[in-house]
K.L.:
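Dropping a structure here in structure tokens format, bear with me for questions.
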Amino acid sequence: MVSAPIAQDSTDAYILSELNGPMEVFQAHFNKKPIAFIWPGGGFTSHAVSLARQSGYRLGFTTNPRGPVMYNWVPLADSDDPRRETWIRRVRPTTR
């Protein structure tokens, strides 16, 4: 089954199945949970991001519709995408 991009009309059940399905597979095969998620088809919403954080993800990847790939929520295109500026942040490694 091919995943559809997450959109405003996506149900919580669908979003959580997309988020938690990989968690279960990684836990079963590698005994670890992933910390990064690649949004299916590049689509996501602020609600979906909130559910992803609640599910344990710390990093998200998506495609930028203007061409370049987004990494770590920082757009690499020449101009800002207003749909994504809320999510711009840098992940800083923790020191131990």
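Excluded from the calculations below are hydrogen atoms, water molecules and symmetry mates; all remaining heavy atoms, backbone and side chain alike, are included.
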K.L.:
Go through it in stages, so that I can follow the logic: the residues are L19 and Q54, the test is side chain to side chain contact (heavy atoms under 4.5 Å, CB included), and I'd like the CA-CA distance, side-chain angles, deciding distance and then a yes or no.
P.N.:
CA-CA 10 Å; L19 294 168; Q54 291 172 27; over 6 Å; no
K.L.:
Tell me, please, which residues at least two apart from Q8 pass side chain to side chain donor-acceptor pair (under 3.5 Å).
P.N.:
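With neighbours one apart ignored, the set is empty.
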K.L.:
Give, for atom CG of L51 and atom CD of E18, the distance between the pair rounded to the nearest 0.5 Å.
P.N.:
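Output value for this atom pair is 12.5 Å.
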K.L.:
What's the separation between atom CD1 in I15 and atom CZ in F44, rounded to the nearest 0.5 Å?
P.N.:
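Between atom CD1 of I15 and atom CZ of F44 there are 12.0 Å.
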K.L.:
If you compare all heavy atoms of G43 against all heavy atoms of T62, which two are closest, and at what distance to 0.1 Å?
P.N.:
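Heavy atoms only, the tightest pair is N-OG1, 4.3 Å.
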K.L.:
Quick one: ring-ring contact (aromatic ring centres under 6.0 Å, His included) partners of F37, sequence neighbours excluded?
P.N.:
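Residues passing ring-ring contact (aromatic ring centres under 6.0 Å, His included) with F37: W39, Y57.
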K.L.:
What are the two closest heavy atoms between G41 and P5, and how far apart are they?
P.N.:
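Where G41 meets P5 most closely, the heavy atoms are CA-CG, 4.0 Å.
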K.L.:
Can you list, pair by pair, the side-chain donor-acceptor contacts under 3.5 Å of residues 20-33, counting residues two or more places apart and other chains?
P.N.:
| residue | atom | partner | partner atom | Å |
| --- | --- | --- | --- | --- |
| N20 | OD1 | S55 | OG | 3.3 |
| N20 | ND2 | L16 | O | 3.3 |
| Q27 | NE2 | N31 | OD1 | 3.1 |

